[in-house]
Structures are given as C-alpha cells and as structure tokens.
Amino acid sequence: MNEKYFPEEIEERQQRRWAEAGVFEVEANPGREKFYCLEMLPYPSGRIHMGHVRNYSIGDALSHFKRMQGFNVLHPMGWDAFGMPAENAAIKNNARPDQWTLENIDSMRVQLQRMGFCYDWRREIASCTPEYYRWNQWFFLQMYRKGLLYRKNATVNWCVQCNTSLANEQAEGGFCWRHEDTPVELRELEQWFIRVTQYADELLDSLDGLEGGWPERVLAMQRNWIGRSRGAEVDFEIAGDPARKIRIFTTRIDTIFGANAVIVAPEHELIDELIASGRAGGELKSFVEKQRAVSREDRIAEGAEKQGVPTGLSVINPFSGEKLPVWTANFVLTGYGTGAIMAVPAHDERDFEFSVKFDLPIRRVIKEAGAALPDDAAVEAPFTPKDESGVLINSRPFDGMTVPQASEAMTAYAVKNGFGKAQTNFKIRDWGVSRQRAWGTPLPFVHCAKCGIVPVPEDQLPIALPTDLNFNTQGAPLAEHESFVNTTCPSCGEPARRDTDTMDTFVDSSWYYFRYVDPKNEALPFSPETAAYWTPVDQYIGGIEHAVLHLIYTRLWTKIMRDLGLIQFGEPVKRLLTQGMVCLASYRCEEHDWIYPNEVIDGKCRFCQRPVTIGRIEKMSKSKKNTVDPDEMIRIYGADTVRLFMLFAAPPEKDLEWSEAGAEGASRFLGRVWRIIYKWHERLAGAAEGEFSAEARALRRKTHQTIKRVTHDIGERLNFNTAVAAMMELTNEIYAFDGTLKGDPAATDRFALREAMESLAKLLAPFTPHVAEELWAHMGHDEIVVGAAWPVFDPDLARDEELEIPVQLNGKLIARVVVPADISDDDLQAAALASDRVQARLEGREIVKTIIVPKRLVNLVAK
RNA sequence: GCGAAAGUGGCGGAACUGGUAGACGCGCCAGACUUAGGAUCUGGUGCCGUGAGGCGUGGGGGUUCGAGUCCCCCCUUUCGCACCA
C-alpha cells in the first residue's frame with residue numbers, strides 16, 4: 001500500500017478489476033428481487049459536462065447501494081444519437097452525421113468509463129443504429145394498424161433554425177425548445193400524428209398514482225399541460241335564421257341565464273361567411289383582419305387589453321329565450337373548444353372586464369349560499385364559485401340549486417332538448433412526429449399514386465437511413481437521395497416514393513429503457529417476459545427540463561405498449577428524481593464587469609489586477625462560457641473526488657454551485673481516510689472481541705450509528721450529502737480513538753478499529769468506489785467490495801450509554817445534565833434539580849410544573 | 001395576475017413526527033511537527049458583552065410549558081402557468 005493517496009493510479013486498476021470480474025453485468029433472475037436504476041441518456045455532443053457527471057454520480061451511488069443490499073440491479077447507459085447537431089456538423093464540415101455521432105459516442109464512453117460508473121456496458125444502445133431504430137418503425141406500423149398514428153394536413157410550428165416542424169411541447173410559449181430566442185412560425189404541412197388525445201384522460205388521471213414518487217412540481221406541470229376542462233357545448237340559434245347555430249363551449253353551463261353575449265374568435269367560420277356575403281361592416285372587417293395578422297403568442301404578448309366589435313348578428317339563449325348580440329373579440333381563441341363562448345360577466349373575470357369596457361348589461365345568477373342578497377344588487381366583482389358555496393338565482397326552474405347540481409341538471413336539459421351535450425376539452429394535442437430532417441428514423445411508409453399511403457411490411461424493416469447523403473444542398477438531403485426515395489409499392493408493385501420525413505427524436509427516447517432490458521432481441525423491441533422482470537423503472541434520475549417533453553411522451557408510449565400487449569402496466573417510472581443544475585459563481589470587476597473564477601487570481605481580476613467581488617451564480621453552459629471541464633477536474637483530483645463533491649455539496653434536487661475549494665475539501669477527506677487506514681492496515685491482525693474499553697465502545701457505537709444513518713439517508717431519503725457528513729464524523733471519531741492509543745494496542749482496540757475502518761470502506765463504496773475498493777483490498781480482502789454485502793448495524797451496539805439531557809427553565813435552556821441512557825423520568829427530574837446551575841437559577845423561585853420528555857428533555861416552569 | 005417551492009453563521013448546507021439551532025464541509029484564528037509548507041495533526045470559530053448574561057432561523061402577530069418546524073398577515077427570491085371560456 002502506498003503511503004499517499006494517488007487516485008489516477010488506483011482508479012484505472014480498479015476499473016479493470018471490475019470489468020474482468022463482470023460485477024455490473026446482470027441477467028433477469030426471477031429468484032432475486034430487482035432494482036432498475038435509470039439515468040436520462042445523453043445526447044452525444046462530444047464531451048460530457050458537469051450536469052452529466054452529477055446526474056450519473058447520483059444514479060451510480062444508488063445503484064451501488066442497492067446492489068450491495070442484495071438487489072439484482074439493472075443500471076444501463078446509451079445514446080440519444082439522432083438529432084440536429086450531427087446534421088449541422090455534416091453541413092459545416094462536410095462530414096457524415098453517422099461518423100460524427102459514432103466518434104462522439106466513442107469519446108464520451110471513454111469519459112464515462114473514466115468516471116468508473118457501474119453500467120452494464122453490454123446493454124449499451126445508440127438510437128441511430130438500424131438495430132435500434134427499426135423498432136421505432138415497427139412501433140409506427142403497430143400504431144398505424146391500431147389507428148393511433150394518422151396523417152393530416154395541419155398548421156404546425158416551424159423553427160427556421162432547426163428548419164423543421166415541431167410538436168406543441170417543443171414550441172411552448174411560441175419559441176423553439178432548442179432555440180429559446182427563435183419564435184416559431186406557423187406553416188401548413190401534411191404530417192404524421194400520434195393520437196395523444198385518445199390517452200389524455202388516462203395521462204392525467206394516472207398522475208394521481210405517482211404522488212409521493214414524483215416531484216409535485218413535475219406533476220403540476222403535466223396536469224397543466226394536459227389541461228383537461230369538463231364542461232358542455234351548447235347551440236345558440238341565430239335570430240331570424242333558426243337553421244344556423246353557433247356552438248359554444250363552457251365549463252359553467254350553470255351560469256347560462258346570466259349570459260349577455262356570444263363571442264366568437266376572429267378566425268371563426270361565421271366571420272368568414274359574413275365577409276363573403278358582404279354583410280360585414282367596415283369596422284368588423286378591419287378588426288378581424290388586424291387580429292388574424294398577429295399570432296396567438298403576439299396577441300397574448302400585447303397585453304390583457306380586451307378588444308372586440310359586434311358582428312351585427314343576434315342569437316337566442318336556448319335556456320331563457322333571450323336575444324343576445326354576437327361579438328368577436330381578441331381573447332377568444334380559435335383551436336380551443338369551439339372557438340366561441342358565451343359571456344357571463346357576473347361570474348367570470350374576463351367577461352366582466354369585457355362587459356364593463358363595452359358597457360354591456362351585467363346580471364347576477366349565482367349568489368353565495370346562505371347569504372342574504374337582493375337579486376338585483378349591482379355586481380362589483382365577478383363571483384366565481386365552483387362548488388356548493390354557490391346557489392342559482394334568476395335562473396327560473398334551476399333557482400335554488402347549487403352550482404354542481406345545476407351543472408348536471410342543465411347539461412341533461414340541454415341533451416334532452418337537443419341543443420347541447422357534455423364535453424371535455426384538453427389543451428394537449430396530438431403529437432406531430434414528422435420532422436423535415438435527414439438525420440433521424442425514416443418513416444416506414446411509401447406514397448403510391450394508385451394506393452395512397454402504404455405501410456411497409458414488417459419483414460422489410462429496417463428501412464435503413466442512407467449514410468451517403470449530400471448535405472451540400474438547398475433542398476432536403478433525404479428527398480434528393482434517389483435510391484432511397486424510389487421504391488415499389490408493397491401493395492400494387494408499381495413504382496412509388498418513400499416518405500422523406502424522419503421521426504421526431506423524442507420517439508427514440510420514449511421507450512429506450514425497455515430496449516436495455518433485452519438489447520439484442522431481433523424478433524421484438526424486447527421480450528415481454530424479460531421486461532416483466534425488469535420494468536417498470538424503480539428510480540429515474542434526470543433534469544427538470546423534460547417535465548412536459550420526454551416524460552409525457554414516455555408515459556404515453558408506455559400506455560400504448562401496454563395496449564399492444566408488450567407490458568402489463570401503464571406507468572413506466574415509480575420514482576423520479578429531478579436533480580438540480582450545476583452552477584458556477586461569477587465575479588464582479590469594476591473594469592471588466594462579470595468575470596469567471598478562472599479569471600480571478602488571488603482575489604484580483606487577471607486583466608486589470610483590480611480586486612473583485614463575488615457576483616451572480618449561473619447555470620453552467622457553453623453559451624455563457626462558464627463551464628468547468630470534468631476531465632480537467634478528474635485529472636487534478638481523480639474521479640472519486642469529483643463524484644464525492646457532487647454528492648456532498650448539496651441535496652440532489654437542489655442547484656449545486658461548483659467550487660474548487662469544495663472539491664479540495666472532498667479530496668482532503670479521502671486523503672484523511674487513506675492515511676488512517678494506511679497507518680493501521682498491517683496491524684489489524686490479531687483483532688479480537690472481549691472486554692472493550694470505554695473508548696473502544698464509543699468507537700463501535702459511532703460505527704454502528706453511522707451504518708444506520710448512511711443506510712437511512714441513501715435508502716429512504718436519497719440525501720447523499722448527509723450520508724457523506726455522517727462518514728466524515730466517523731472518520732473524525734477514528735482519528736480521536738487513534739489519539740487515545742498508546743504503545744501496542746489491545747486486541748479489542750484493534751477489533752474496534754478494524755470494524756470502523758472496514759465499515760467505512762463499505763459505506764464509501766457507492767460514493768467513491770475506487771478508493772473504497774483499494775482500501776478494502778489493503779485491509780486483507782480478496783473479494784470486490786462493490787460486490788460485497790452492505791453492512792448491517794447492531795442496535796445494541798448503536799445504543800447510547802449516556803445521554804446529555806437539556807434542562808430548560810420556562811422553555812429556555814439553562815443547563816445540561818449527563819445521565820445513564822436508561823434513566824427513569826423520576827431519576828431524570830432528580831438529576832436535573834440536583835445540578836448546580838439549575839439550583840442557582842432556581843434560587844427563590846417556585847416550580848409550578850415540570851415537563852419531562854422521556855430521555856430527551858426536562859422543562860421547569862417557574863413563576 | 002394565478003399557482004408552487006424556498007428564505008437558517010462570512011459561504012455551501014444540517015436539524016426524522018414541535019423538544020439542546022448551526023451537524024458536516026469551506027473559510028478564518030491559534031498551536032504542534034517541520035529547513036520550509038498553500039502538506040499533516042490538534043484546538044477554536046452564530047452575534048453582542050471583559051463577565052454573569054442577553055440576542056438570534058426574512059419581518060410582524062398568534063397557539064404552546066416549549067416554535068426554524070404549526071396557524072394568520074406582510075416582504076423577498078426562484079420556478080411553473082399566464083386570456084384555455
């Protein structure tokens with residue numbers, strides 16, 4: 001054993017040892033309990049960054065821990081390998097995207113292996129290989145057959161930078177998810193869509209079952225995104241034209257007697273009719289023209305100012321028979337509901353604002369339950385109860401009903417009389433999965449002049465993506481690749497053309513972790529039997545940024561796979577951990593503004609030598625040029641230190657500020673462990689149990705308490721930071737014990753030391769496996785520590801012998817007394833009163849009450 | 001505007017169900033060993049006060065023998081959603 005801790009030397013050696021022993025290679029084994037630990041797979045950009053290191057260090061620690069606890073742990077890694085950057089590199093450097101990607105994968109794999117992560121590398125996948133993407137195509141064929149995949153002409157989001165269409169989830173707020181400063185355009189395109197809406201109810205409802213296992217934040221974002229609203233559609237006849245009706249959507253049919261207008265979106269077909277028939281006035285025409293020219297996002301961005309004009313038409317309220325004007329207004333959106341609403345100002349914020357502005361009549365139809373209120377009292381603000389607290393008034397047969405009662409009764413009334421129905425609407429839309437890009441999974445369909453769209457037969461899969469594409473073109477490389485495009489129709493045999501779009505890369509990541517389970521399967525994406533053993537995922541770890549992208553798609557895909565009979569459950573991930581970002585502090589220099597830590601030398605700006613002050617803390621990113629290279633840190637400190645710091649510096653779900661000083665501290669701790677074990681490793685022989693000294697008993701107690709704490713902190717709470725703190729305490733205790741030993745220590749002292757050090761090595765294994773392995777070996781073990789059993793604490797040994805009990809006077813701490821751990825309440829009270837400090841404070845005061853929390857506290861209440 | 005989470009030393013952060021606030025680490029101070037040390041080991045380190053003691057978990061109120069933790073009001077920060085009828 002070397003006297004000093006040299007990480008670079010031992011890390012490589014231990015990695016080789018693990019690989020040779022195959023400790024991380026696992027197979028399904030129904031006789032053993034499994035644990036599937038998954039981290040979000042990276043895009044092969046070329047280099048791993050600190051965010052990856054953090055993500056994978058968390059997953060790695062948990063995987064080690066579960067394996068040592070006896071679980072059969074599946075812990076795989078792969079590559080989300082299709083996507084834009086490869087194509088851009090191909091255009092820029094005249095390279096081939098496949099080569100560019102595969103080279104990046106090779107160098108990133110080396111980086112991950114240098115970190116020593118415990119993946120079963122035999123299961124590695126890359127989504128750009130035909131062995132993988134053929135199953136994307138296979139899934140598309142199954143979905144097409146089931147009517148879950150369809151083609152339609154639609155207005156889609158288009159990013160000019162990506163040069164492709166995007167799904168709604170990828171264009172949230174009107175900006176491309178990859179180019180956050182690039183607004184999306186709207187284009188008309190024929191596209192493939194996956195029928196998400198068919199699963200909308202289930203996607204929403206089954207979120208309830210994830211409570212506790214998924215962060216509330218993510219659940220809230222998904223619920224929001226799915227956006228279910230239950231209500232009704234009601235037809236309003238146009239006055240003087242009973243055949244024509246305007247259908248509105250409302251969630252508050254109970255307020256319909258309070259409607260003062262029907263408002264349609266500027267895009268509504270009725271407006272087109274009015275304009276076409278020459279019945280639209282000039283004001284209406286110019287308003288509609290203006291509104292249609294601005295996008296939905298711009299309309300919102302313009303502010304909340306309500307604008308609208310009357311159309312000149314009137315409709316009849318089917319409930320009251322009342323005649324109401326029809327308006328068009330900017331805040332009524334096309335594409336949601338029916339693009340038409342009824343306005344009820346007394347019970348809706350927006351309608352209230354609108355009616356006040358345009359001076360429309362406001363009538364109250366709901367009052368607060370139990371409240372005395374004149375039915376004709378003026379409305380100062382809208383009253384919007386959705387439960388029993390609202391009672392109907394001014395609504396004739398429905399008067400006196402509560403809001404929920406009325407909603408049901410009035411919907412039924414509308415159904416019975418043929419002018420309405422219950423209707424549930426969603427914000428979530430079907431998933432547009434066609435991409436006008438070349439580096440993606442080809443769609444398994446041909447376009448035949450005679451037969452139309454024809455699916456490629458399964459036995460012809462994969463439809464391979466050509467590797468000799470010409471990116472030096474204004475057009476679409478795939479569409480210009482003659483031998484790819486030109487084919488024959490599988491149905492009639494006549495010449496036909498392949499679909500030249502590719503799949504959204506979120507398709508790849510929707511099911512990749514099922515492929516890890518059975519990565520070489522050539523008959524199916526995976527064997528249902530094998531998947532039944534390994535899946536669902538027990539713990540998934542990744543960034544929050546996929547809360548409504550990947551995580552909603554993969555939940556959808558799971559439900560589809562279930563309906564295809566491949567699996568038996570609908571939710572793929574039991575527990576989700578969204579880890580915080582890795583950040584870096586920047587500094588403030590008077591002359592040079594914000595500068596980064598590497599530009600600060602001895603507290604001074606390297607450019608002008610002026611002193612700097614600490615400034616803001618930002619997420620590490622290439623565009624901000626404030627990244628820290630993991631390789632560089634590994635070179636300086638070793639992988640173990642980098643991992644340890646990542647886990648110690650902050651709880652996993654919080655942001656973590658990278659700090660070189662913090663890394664130094666982690667490194668120092670490992671050096672400390674190394675030195676004390678180096679000092680003793682050859683003198684542990686001869687250890688034996690017997691009559692332990694008080695000091696030895698204290699060390700053993702600390703050892704067992706530490707095992708208990710670390711086990712709990714990792715296993716129950718995923719709080720790696722406090723687990724590390726506990727191990728540091730144990731190390732400090734070992735040093736303290738070492739300081740009490742003189743001369744040749746007794747066999748029992750050696751035993752206590754050996755127990756503490758061996759436990760420490762095992763507890764460290766999930767965090768810093770290399771150094772743990774090395775120390776374990778030096779203490780005389782041939783077996784591999786990461787394959788060894790997790791230590792179990794002995795409650796008897798962990799139990800305190802003495803307790804330090806606080807004594808309070810009226811709730812304020814005045815003394816502490818040391819008492820035997822098994823003390824009775826009476827003895828505890830006596831001990832407290834016997835204390836000199838307590839006596840001094842009690843002088844001349846009368847105790848009126850004593851509160852004793854057994855073995856915890858004494859509180860004296862005195863006048 | 002609506003919703004959620006959070007606000008604790010110089011800093012990162014501890015504190016399970018109300019019960020010793022500040023574990024652990026960084027930084028800082030002192031000592032030891034050293035030719036030297038930015039290595040290592042030991043001790044100290046919330047604030048005020050020489051002291052006894054007092055004050056302290058964003059601010060203000062409350063419940064309680066006892067509140068960082070529970071309740072009410074306010075402030076700040078971060079993150080979601082933002083005309084979805």
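Order of the sequence lines fixes the chain letters, A, B, ..., with proteins taken first and strands second; residue numbering starts at 1 for each chain.
Between A/Tyr735 and B/U42 there is no side-chain polar atom (N or O) within less than 4.0 angstrom of OP1 or OP2. An OP1 or OP2 oxygen of B/G25 is reached within less than 4.0 angstrom by a side-chain nitrogen or oxygen of A/Asn732. Neither OP1 nor OP2 of B/A39 sits under 4.0 Å from any side-chain N or O of A/Arg675. The phosphate of B/A82 has OP1 or OP2 within less than 4.0 Å of a side-chain N or O from A/Lys427. In this model, the phosphate group of B/G25 is not approached by any side-chain N or O of A/Asn721 to a distance below 4.0 Å at OP1 or OP2. At least one side-chain nitrogen or oxygen of A/Ser229 sits closer than 4.0 Å to the OP1 or OP2 atom of B/A85. Using a 4.0 Å cut-off, no side-chain N or O of A/Arg217 falls inside it from OP1 or OP2 of B/A6. Contact between the side-chain N/O atoms of A/Arg668 and the OP1/OP2 oxygens of B/C26 is found at a separation under 4.0 Å.
Side-chain proximity of A/Pro651 to the nucleotides B/C65, B/G13, B/C81 is greatest for B/G13. Out of B/A85, B/G53, B/A21, the shortest distance to the side chain of A/Arg841 is found at B/G53. Comparing B/C83, B/A21, B/A15 against the side chain of A/Arg717 picks out B/A15 as the nearest. Among B/C83, B/U17, B/A23, the nucleotide with an atom closest to any side-chain atom of A/Arg856 is B/U17. Across B/G19, B/G25, B/A85, the shortest atom-to-atom separation from the side chain of A/Asp348 is found for B/A85.
Residue A/Asp713 contributes atom CG, which lies 12 Å from atom C1' of B/A15 at whole-angstrom precision. Here the P atom of nucleotide B/A85 and the OH atom of A/Tyr336 are 4 Å apart, to the nearest Å. The distance between atom CZ of A/Phe645 and atom C1' of B/C11, rounded to the nearest whole Å, is 12 Å. To the nearest angstrom, C1' of B/C16 lies 16 Å from CG of A/Leu718. Look at CE on A/Met581: it is 9 Å from P on B/G80, rounded to the nearest Å. Between A/Gln307 atom CD and B/C83 atom P the separation is 15 Å, expressed in whole Å. We find that CZ of A/Arg672 is positioned 10 Å from P of B/U40, with the value rounded to whole Å. The CG atom of A/Leu857 sits 20 Å away from the P atom of B/A15 (whole-angstrom rounding).
Remark: of the listed residues A/Ile852, A/Val848, A/Asn810, A/Leu833, A/Leu833 is the sole one forming a side chain to side chain contact (heavy atoms under 4.5 Å, CB included) with A/Leu860.
The aromatic rings of A/His546 and A/His550 lie perpendicular to each other, with more than 60° between the two planes, well past the 30° mark.
Where A/Arg816 and A/Ala736 meet RNA chain B, the nucleotide closest to each residue was compared, and A/Arg816 sits on the side nearer the 5' end. In terms of position along RNA chain B, the nucleotide closest to A/Glu216 lies nearer the 5' end than the nucleotide closest to the other residue of the pair A/Glu216 and A/Glu729.
B/G7 and B/C75 make up a base pair, with Watson-Crick or G-U wobble contacts both under 3.5 Å. In this entry B/G19 has B/C65 as its Watson-Crick or G-U wobble partner, both defining distances falling under 3.5 Å. Of all nucleotides present, only B/A32 satisfies the Watson-Crick or G-U wobble test against B/U40, with each distance under 3.5 Å. Figure legend. B/G46 is base-paired to B/C55; pairs are counted as Watson-Crick or G-U wobble with both atom distances under 3.5 Å. The partner of B/C2 is B/G80, judged by Watson-Crick or G-U wobble contacts that both fall below 3.5 Å.
Remark: the separation of the P atoms in B/A32 and B/A23 is 27 Å, to the nearest Å. Across the P atoms, B/A6 and B/U42 are found 38 Å apart, a figure rounded to whole Å. A distance of about 11 Å separates the C1' atoms of B/G13 and B/C26, rounded to the whole Å. Between B/G44 and B/A5, the distance separating the two P atoms is 40 Å to the nearest Å. Taking atom P in both B/A30 and B/G37, one finds a spacing of 14 Å when rounded to whole Å. With both ends at atom C1', the span from B/G68 to B/G59 equals 15 Å, rounded to whole Å. When the C1' atom is used for both B/A36 and B/C28, the distance is 23 Å, rounded to whole Å. Going from the C1' atom of B/A14 to that of B/U69 covers 14 Å, rounded to whole Å.
Looking only at side-chain heavy atoms (C-beta outward), A/Glu169 and A/Ile428 come within less than 4.5 Å of each other.
Note on A/Asn425: nothing from the nucleic acid sits closer than 4.0 angstrom, heavy atoms only. Within the nucleic acid shown, A/Asn859 comes within 4.0 Å of at least one base atom, counting heavy atoms only. Heavy atoms of A/Glu716 sit nowhere under 4.0 angstrom from any nucleic acid atom. Among the protein residues, A/Ala661 comes within range of the sugar-phosphate backbone only, with heavy atoms under 4.0 Å from sugar or phosphate atoms but none that close to a base. Counting any heavy atom pair closer than 4.0 Å across all strands shown, A/Gln808 reaches a base atom. Note on A/Phe648: a base of the nucleic acid sits closer than 4.0 angstrom, heavy atoms only.
If you check the side chains of A/Trp680 and A/Asp738, you find a donor sitting under 3.5 Å from an acceptor. In the model, A/Arg672 has a side-chain atom that pairs as donor or acceptor with a side-chain atom of A/Asn732 under 3.5 Å.
Across all their heavy atoms, A/Arg247 and A/Lys421 have their closest contact at NH1-CE, 3.6 Å. Between A/Thr641 and A/Tyr5, the shortest heavy-atom contact is OG1-OH, 4.3 Å.
With its glycosidic angle within 90° of 0, B/G9 adopts the syn conformation.
The pair A/Glu729-A/Lys702 meets the salt-bridge criterion, with a side-chain N (NZ, NE, NH1 or NH2) lying under 4.0 Å from an Asp/Glu carboxylate O. Using a cutoff of 4.0 Å between basic side-chain nitrogens and carboxylate oxygens, A/Glu211 and A/Arg223 are scored as salt-bridged.
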